[in-house]
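The structure appears right after this line, and notes come after that.
Chain naming here is simple, since letters A, B, ... match the order of the sequence lines and numbering starts at 1 in each. These numbers come from the heavy atoms of this one structure, side chains and all, not from hydrogens, waters or symmetry mates.
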2 protein chains.
Amino acid sequence: MKSNVTMKDIAEKLNVSSVTVSKALNDKEGVSEELKEKIKTLADEMGYRYNTMAKSMKDGRSYNVCVIIPERYTGMTQSFYLKIYQSIAQILEESGYYGIIHILPGDDEEKLKLPRIYHERRVDGFIMLGQPSKEYNQLIQSVDMPLVFLDFYDEHDDVDAVITDNFYGAYELTNYLIKQGHRDIAYVGNLFSTSSIQDRFLGYYKSLLEHKIHLKQEYVISDRDDRGEYIEFDFPDQLPTAFVCNCDQVAHLLIDRLQKNGYKVPDDFSVVGFDNDIYATLSSPSLTTVEVDIEEMAKTAVKFICEKMDNPSAEFGRIAIKGKIIFRESVRKVM
Amino acid sequence: MKSNVTMKDIAEKLNVSSVTVSKALNDKEGVSEELKEKIKTLADEMGYRYNTMAKSMKDGRSYNVCVIIPERYTGMTQSFYLKIYQSIAQILEESGYYGIIHILPGDDEEKLKLPRIYHERRVDGFIMLGQPSKEYNQLIQSVDMPLVFLDFYDEHDDVDAVITDNFYGAYELTNYLIKQGHRDIAYVGNLFSTSSIQDRFLGYYKSLLEHKIHLKQEYVISDRDDRGEYIEFDFPDQLPTAFVCNCDQVAHLLIDRLQKNGYKVPDDFSVVGFDNDIYATLSSPSLTTVEVDIEEMAKTAVKFICEKMDNPSAEFGRIAIKGKIIFRESVRKVM
DNA sequence: CTGAAAGCGCTTACAG
DNA sequence: CTGAAAGCGCTTACAG
């Protein structure tokens, strides 16, 4: 396939002007049907490919949306964000845009370095996927360009954000445990580590409140230090009958730990997770957990950014996308 | 930050021509040092951002490289390709290019539909990451554009390819088992499923040959059907003392199965995997396996594609990148 | 050292 | 219905 055919080439062969060729190829009015067909056929034959760069230059749009993911969220066990990106890219594609993924190196985040693509004017909007440092957050907001936060939000600013409904998911999960007869339910997670762990905790707490179950401080069990490194669980003297874990990986670790101490799950303890990631099915027993609706999150974020690119003053606020409980084998009914 | 400053704007403020501004900003000769500094300073102040679209149009290059990954390789447990992509993108970035990932939908693969980015002339080269269908393979080769295969090769054509050294990895791993005293060693994998399973088998076989160990047909144990779905292992009547598995996930399944039958690993059987993915450390015991050198593979593929974009007639052939054995707990010395 | 002219491939607004 | 002119933002080749 040749790759250097232009509208002008087609025009010359047909003895028309390139304006006419442009109109025909773009299905605009002002060309006779007959001529239009002729032009289209010849374009095909000559292997013509539309040059979007030229169009981009004309209308000052790049048709690229850059998805920034802080590097630390892309580790071994965290293909989650990459999967979201995959959805985003596909949906952008359908809207006539290209998704460009930018894994933000820790170093650039530290030094407040914006992606090269920004400096080279090849981007019309940003989706920030995963919470960056406070400073970087401010930097990206200072850029005069459509911006959507995905999977996190900023308490202090009002950037449009699409998040998982962490609160409601944990709330429902805890309700379910209570319906199964559990009254002594612990929460596993460091409440000061991320906003999603905190929000999940609050959902758990709301469920307790509604059922008039007292929240025992020793039932809030930390799972990691403030840098995010997992630590040994510090179990309370009197054990609960069920554990609400802030994520599947921690649920997996917890089950492992319980089993090593000779306990059985779910016979002795019920455990639930969050995320429905690889650890949910890897665990034995498999985990009852909340599946995040990746597709819907991606769809919503793309919808927001596209509308903002067309109309920069559009505002959407914060949208929480509900997940779905997946019932598996890690919960048992008690009397 | 304003986003609509052009070279012309800068030129007018300084009463010079935009040619001079262009030269100054690109560090070309033909401008006095003094003026150059003045221009650069003003550009900064005015928040000037270089418009690469314009440059692209001038020299007919998009500076984009498209990495195509068939959709079926991006499933839940397969973040492997996405990790490779991550490396590729970072290295391309350093070379002044952008990586554009294109997850090839199964449907498009079937219908032989090239990425939109190709039809819109926004790409200078392709990296095909993961083997597509035979027909798609031919299609992509028919496109007159630099192309590199990554993590697979085509026996019949001579497209430049960068692959893992499957053969040598399995060879070394088997050598290691033999050095630990094993003589009865089975291979686990369907030899007709993918070329990497086959090549790993051949490496295993070479090691046996060199040590004058007879290859027993019943020691070649299939792990999946021809569609790639895992099947139950069909163990031979007389069990070996060690298993060379074609990948970590299968090693993980095998260990599970052995343990359910009351055996202990590595006490009763030694097991090795390949890939060093999440299953290697998830298994208990953790797996001795081969770590694929993702960084080096990405580096090599990028080097190839970049040189080919500068010089389309450059040829590199097929390069196998060596992995590294990771020693863990799944192998035991026998007497 | 500096800049006027032409061109990259397309589209818009206008004239015929 | 058709097309000449101008312009998007930059660079190259040439002239002064």
Side-chain angles (χ1 to χ4, degrees), chain A residues 2-40 42-43 46-64 96 116-124, chain B residues 2-40 42-43 46-64 96 116-124:
Chain A
K2 271 283 162 357
S3 49
N4 39 0
V5 184
T6 72
M7 287 191 181
K8 210 173 146 207
D9 296 332
I10 300 175
E12 277 168 7
K13 282 227 181 187
L14 252 32
N15 272 320
V16 295
S17 81
S18 60
V19 175
T20 304
V21 175
S22 168
K23 283 174 186 160
L25 260 24
N26 285 298
D27 276 323
K28 299 222 164 133
E29 41 191 34
V31 206
S32 66
E33 272 307 317
E34 200 192 332
L35 182 52
K36 191 194 273 187
E37 278 316 309
K38 228 156 124 188
I39 290 174
K40 283 189 171 180
L42 183 60
M46 296 176 69
Y48 172 75
R49 289 184 295 145
Y50 188 94
N51 187 327
T52 6
M53 295 286 169
K55 178 172 163 56
S56 279
M57 254 203 53
K58 264 301 275 183
D59 55 35
R61 296 247 233 154
S62 68
Y63 298 98
N64 288 151
R116 179 164 60 95
I117 203 170
Y118 167 75
H119 290 108
E120 296 189 348
R121 284 179 187 253
R122 281 174 166 245
V123 61
D124 300 338
Chain B
K2 270 285 161 357
S3 49
N4 39 0
V5 184
T6 73
M7 286 191 180
K8 209 171 146 207
D9 296 332
I10 300 175
E12 277 168 6
K13 282 227 180 187
L14 251 31
N15 271 321
V16 296
S17 81
S18 60
V19 176
T20 302
V21 174
S22 168
K23 284 174 185 160
L25 259 25
N26 285 298
D27 276 322
K28 298 221 165 134
E29 42 190 32
V31 206
S32 66
E33 273 307 318
E34 200 192 330
L35 183 52
K36 190 193 274 187
E37 279 315 308
K38 227 157 126 187
I39 290 174
K40 284 189 170 180
L42 183 59
M46 295 175 70
Y48 173 75
R49 288 183 298 144
Y50 188 93
N51 186 326
T52 6
M53 295 287 169
K55 178 172 164 55
S56 279
M57 254 205 52
K58 266 299 275 183
D59 55 34
R61 295 247 233 155
S62 68
Y63 298 99
N64 287 152
R116 180 164 61 96
I117 202 171
Y118 167 75
H119 290 107
E120 296 189 348
R121 284 181 187 250
R122 281 174 166 244
V123 61
D124 300 337

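- C:dC8 atom C1' lies 11 Å from atom CZ of B:Arg121, rounded to whole Å.
- When distances are taken from the side chain of A:Val31 to each of C:dT11, D:dC10, D:dT2, the shortest belongs to D:dT2.
- In this structure, A:Met7 places its CE atom 5 Å from P of C:dC10, rounding to the nearest Å.
- Donor-acceptor pairing under 3.5 Å, judged by distance alone, is present between the side chain of B:Lys23 and the base of C:dG3.
- Going from atom CE of B:Met57 over to atom P of D:dT12 covers 14 Å, rounded to whole Å.
- Between B:Glu33 and B:Lys36 there is a salt bridge, since at least one side-chain N of the basic residue sits less than 4.0 Å from a carboxylate O of the acidic one.
- A distance of 12.5 Å separates CD in A:Glu37 from CG in A:Leu42, rounded to the nearest 0.5 Å.
- Put simply, CG on A:Asp59 is 10 Å from C1' on C:dC10, counting in whole angstrom units.
- C:dG3: Watson-Crick or G-U partner is D:dC14, with both key distances under 3.5 Å.
- If you measure from atom CD of A:Glu29 to atom P of C:dA13, you get 14 Å, rounded to the nearest angstrom.
- The closest donor-acceptor contact from the side chain of A:Ser18 to the backbone of A:Met7 lies at 3.5 Å or more, if one exists at all.
- Going from atom CD of B:Glu12 over to atom P of C:dG3 covers 13 Å, rounded to whole Å.
- One can place CD of B:Glu37 at 14 Å from P of C:dC1, the figure rounded to the nearest angstrom.
- One finds the OH atom of A:Tyr63 at 4.0 Å from the NZ atom of A:Lys55 (value rounded to the nearest 0.5 Å).
- For B:Lys28, counting side-chain heavy atoms from C-beta on, the closest listed nucleotide (D:dC10, D:dT12, C:dC10) is D:dT12.
- Nucleic acid contact for B:Lys55: none, since no nucleic acid atom lies under 4.0 Å from a heavy atom of the residue.
- Of the candidate nucleotides C:dT11, D:dT11, C:dC1, D:dT11 has the atom lying nearest to any side-chain atom of B:Asn26.
- Nearest approach of B:Arg121 to A:Val5, heavy atoms of both residues: NH2-O, 2.7 Å.
- In terms of position along DNA chain C, the nucleotide closest to B:Ser17 lies nearer the 5' end than the nucleotide closest to the other residue of the pair A:Ser22 and B:Ser17.
- Checking the phosphate oxygens (OP1, OP2) of D:dG9, no side-chain nitrogen or oxygen of B:Ser18 falls inside 4.0 Å.
- Along DNA chain D, the nucleotide closest to B:Met53 and the one closest to B:Val19 are compared, and the more 5′ of them pairs with B:Met53.
- Between the NZ atom of B:Lys38 and the P atom of C:dC1 there is a distance of 15 Å, given to the nearest Å.
- Here A:Tyr48 reaches the OP1 or OP2 of C:dC10: one of its side-chain N or O atoms lies under 4.0 Å away.
- With the nearest nucleotide of DNA chain C identified for both A:Tyr50 and B:Asn15, B:Asn15 has the one nearer the 5' end.
- At least one donor-acceptor pair under 3.5 Å links the side chain of B:Arg49 to the backbone N or O of A:Tyr118.
- Of the side-chain N and O atoms in B:Thr20, one or more sit less than 4.0 angstrom from OP1 or OP2 of C:dG3.
- You'll find that the side chain of B:Asn51 is closest to D:dC10, out of C:dC1, D:dC10, D:dT2.
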